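Bear in mind the structure is a predicted one, so any value in this text is a computation, not a measurement.
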Amino acid sequence: MTGLIDVGGGMRDIYGAGVVDQCLADGVKFDRVYGISAGSANIMQYMSGQMGRNFRFYAIYAFRPEYMSFKNFLREGSYIDLDYIYSALSDSDGEDPLDYDAVVRAGIPFTIVATDAETGKPAYFTQSDVSRDNYDAVKASCCVPFFNKPYPFKDSAYFDGGMSDPIPVLRALRDGCDKVVVVLTRPKNFYRKDSMDLRIAFAMRKKYPNAAKAMAYRSRVYNRQLDLAKKYEKAGKVLIVAPDSIDGMSTLKKDRGAMVDLYHKGVNDGKAIRQFLGG
């Protein structure tokens, strides 16, 4: 059984959109898919088969103030308007709807990772948590801490899944995957430093103390999971697909030229996946 993990990374994950588009072009079939943060949107596109759709979200829609702006932050307390992205644009009557019928027809078990704002623990959403024009699980996974209020869903509220389970390789292997493709949005040998994470954790500590703890430990968890992915790569069970550079891109940076270059890197690097899976 094969698995795909897209770790997200905000605007950097246009790279993952390129990888997904190449998988669709090559007819690569995964048995299970896992999305964290922006990676959850990419896996939804993979299952819908809508090649090029997420490129438009990164390279076109992201430049609209409705998508993300300080105006949003001042008005609603969230820099990124997740409802605009995953409802107004993505619903059946939206400007660029997700083909939900195709997602259902694909029949691929999927896992979307978020972080519970109250407990700081990872939460895992599946196809039972998503329905037509209800993509709140994706919104929860994409909710960037500090820049957004936690997104309410079901009986709790959630932050970005990358805070608590950024590279869930072990989960994919325990789910029965024999080969796992891990899409990173930073170079393969990049290890997180905790300086920025600690600053955000400090800002969150009063309202969300447990989520702040998760943020404070985020770099250690990411680095440990990256080492684990590399270990399994040496054993032939994992393929890490990662850009050689990110052209100065960061999580919320809007640089269309750099983003387009990163997308094409993803397309090119994604060509290695079919061979790894034996296709």
Side-chain angles (χ1 to χ4, degrees), residues 4-23 33-46 54-55 57-59 61-63 67-68 79-80 82 85-86 111-115 122 138-148 151 158-169 181-197 200 214-215 218-226 229 240-270:
L4 169 68
I5 297 172
D6 187 324
V7 307
M11 295 298 101
R12 295 194 315 273
D13 208 21
I14 193 170
Y15 175 84
V19 173
V20 163
D21 277 353
Q22 187 60 44
C23 287
V33 290
Y34 302 79
I36 302 92
S37 190
S40 62
N42 283 344
I43 66 165
M44 295 300 287
Q45 184 205 287
Y46 169 75
N54 278 12
F55 175 84
F57 276 70
Y58 290 105
Y61 308 143
F63 289 82
Y67 194 110
M68 60 179 183
Y79 182 75
I80 306 165
L82 298 167
I85 302 167
Y86 301 114
T111 300
I112 293 171
V113 185
T115 301
V138 176
K139 298 173 189 178
S141 182
C142 293
C143 188
V144 179
F146 179 72
F147 292 96
N148 275 62
Y151 195 85
Y158 299 90
F159 285 120
D160 193 307
M163 290 173 58
S164 56
D165 196 359
I167 314 175
V169 170
V181 174
V182 176
V183 180
L184 304 179
T185 56
R186 290 189 184 274
K188 183 177 177 179
N189 291 322
F190 170 86
Y191 285 85
R192 289 189 67 90
K193 297 180 180 179
D194 60 9
S195 54
M196 178 60 74
D197 294 338
I200 294 176
M215 174 58 73
R218 180 185 186 186
S219 60
R220 298 181 212 182
V221 175
Y222 178 93
N223 295 342
R224 184 172 66 247
Q225 291 185 334
L226 177 58
I240 298 174
V241 180
D244 58 353
S245 70
I246 57 173
D247 300 325
M249 284 296 297
S250 60
T251 302
L252 300 177
K253 186 175 181 179
K254 293 185 280 189
D255 180 332
R256 185 173 280 111
M259 291 163 70
V260 171
D261 288 346
L262 204 50
Y263 171 81
H264 287 297
K265 285 184 180 183
V267 169
N268 185 65
D269 295 347

> Within a strict 4.5 Å, meaning less than it, do heavy atoms of the Pro187 and Ile246 side chains meet?
yes

> For residues Gln45 and Asp21, determine if any side-chain heavy atom of one lies less than 4.5 Å from a side-chain heavy atom of the other.
yes

> How many angstroms lie between CG in Asp244 and CG in Asp269, if you round to the nearest 0.5 Å?
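Here the rounded value is 7.0 Å.
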
> Indicate yes or no for a side-chain donor-acceptor contact from Thr185 to the backbone of Gly8 under 3.5 Å, with no hydrogens or angles considered.
yes

> Show the nearest heavy-atom pair for residues Lys253 and Met259, with the distance to one decimal.
O-SD, 4.3 Å

> Are any of the side-chain heavy atoms of Gln225 and Val169 separated by less than 4.5 Å?
no

> Is a side-chain donor or acceptor of Asn223 paired with a backbone partner of Arg192 at a separation under 3.5 angstrom?
yes

> Side chains of Asp160 and Pro145: does their closest heavy-atom pair fall under 4.5 Å?
yes

> Apply side-chain contact (heavy atoms from CB on, under 4.5 Å) to Asn148 and Phe159, showing your working.
CA-CA 8 Å; Asn148 275 62; Phe159 285 120; 5.7 Å; no

> Is the shortest side-chain N to carboxylate O distance from Asp194 to Arg220 below 4.0 Å?
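Judged by the 4.0 Å cut-off on N to carboxylate O distance, Asp194 and Arg220 do not form a salt bridge.
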
> State the CG-OG1 distance between Asp165 and Thr115, to the nearest 0.5 angstrom.
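Rounded to the nearest 0.5 Å, the CG-OG1 separation comes out at 8.5 Å.
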
> Does atom CZ of Phe146 have more than 12 heavy-atom neighbours from other groups under 6.0 Å away?
no

> Okay, side chain of Asp197, backbone of Arg218: is any donor-acceptor separation there less than 3.5 Å?
no

> Side chain of Arg256, backbone of Ala59: donor and acceptor closer than 3.5 Å?
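Such a contact is found between Arg256 side chain and Ala59 backbone.
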
> Treating Asn268 as the side-chain partner and His264 as the backbone partner, does any N or O pair qualify as donor plus acceptor under 3.5 Å?
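Here the side-chain-to-backbone pair does not exist.
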
> Between CD1 of Ile85 and CE of Met68, what distance do you get to the nearest 0.5 Å?
8.0 Å

> Is any side-chain heavy atom of Val221 less than 4.5 Å from a side-chain heavy atom of Pro166?
yes

> What residues form a ring-ring contact (aromatic ring centres under 6.0 Å, His included) with Phe55, not counting sequence neighbours?
Tyr263

> I need the Tyr86 OH to Tyr151 OH distance, nearest 0.5 Å.
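Between atom OH of Tyr86 and atom OH of Tyr151 there are 11.5 Å.
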
> Test side-chain contact (heavy atoms from CB on, under 4.5 Å) on Ile5 and Ile36 and set out the steps.
CA-CA 8 Å; Ile5 297 172; Ile36 302 92; 3.8 Å; yes

> Looking at CG of Asp255 and CZ of Phe63, how far apart are the two atoms once the value is rounded to the nearest 0.5 Å?
7.0 Å

> On a heavy-atom basis, which atom in Phe57 and which in Tyr67 lie closest, and how many Å separate them?
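Of all heavy-atom pairs spanning Phe57 and Tyr67, the closest is O-CE1, 3.7 Å.
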
> Quick one: are Leu184 and Ile167 in side-chain contact, heavy atoms under 4.5 Å?
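Sidechains of Ile167 and Leu184: in contact.
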
> Test side-chain contact (heavy atoms from CB on, under 4.5 Å) on Leu252 and Ile80 and set out the steps.
CA-CA 9 Å; Leu252 300 177; Ile80 306 165; 3.7 Å; yes

> Nearest 0.5 Å please: distance from the CE atom of Met163 over to the SG atom of Cys143.
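So the CE of Met163 and the SG of Cys143 are separated by 9.5 Å.
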
> Would you please say whether a donor-acceptor pair under 3.5 Å links the side chains of Thr251 and Arg12?
yes

> List the residues meeting side-chain hydrogen bond (donor to acceptor under 3.5 Å, both in side chains) with Tyr61, not counting sequence neighbours, and say none if there are none.
Asp96

> Tell me whether Ser141 contacts the main-chain N or O of Val113 through its side chain, where contact means a donor paired with an acceptor under 3.5 Å.
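Such a contact is found between Ser141 side chain and Val113 backbone.
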
> Start with the C-alpha distance between Lys265 and Asp247, add both sets of side-chain angles, then the distance that settles salt bridge (Lys or Arg N to Asp or Glu O under 4.0 Å), and finish with yes or no.
CA-CA 11 Å; Lys265 285 184 180 183; Asp247 300 325; 3.5 Å; yes

> Do the side chain of Asp6 and the main chain of Asn42 share a donor and acceptor less than 3.5 angstrom apart?
no

> Take Tyr79 and Val144 through the test side-chain contact (heavy atoms from CB on, under 4.5 Å) and record every step on the way to the result.
CA-CA 9 Å; Tyr79 182 75; Val144 179; over 6 Å; no

> Check whether any side-chain heavy atom of Tyr34 lies under 4.5 Å from a side-chain heavy atom of Leu4, and answer yes or no.
no

> Closest heavy-atom contact between Ala114 and Ser164?
O-OG, 3.7 Å

> Minimum heavy-atom separation for Leu262 and Pro243, please, with both atom names.
CD1-CB, 4.0 Å

> Does any part of the side chain of Tyr15, heavy atoms only, come nearer than 4.5 Å to the side chain of Val183, both counted from C-beta?
yes

> Over all heavy atoms of both residues, which pair between Lys139 and Leu82 is shortest? Give the atoms and the distance, please.
O-CD1, 3.3 Å

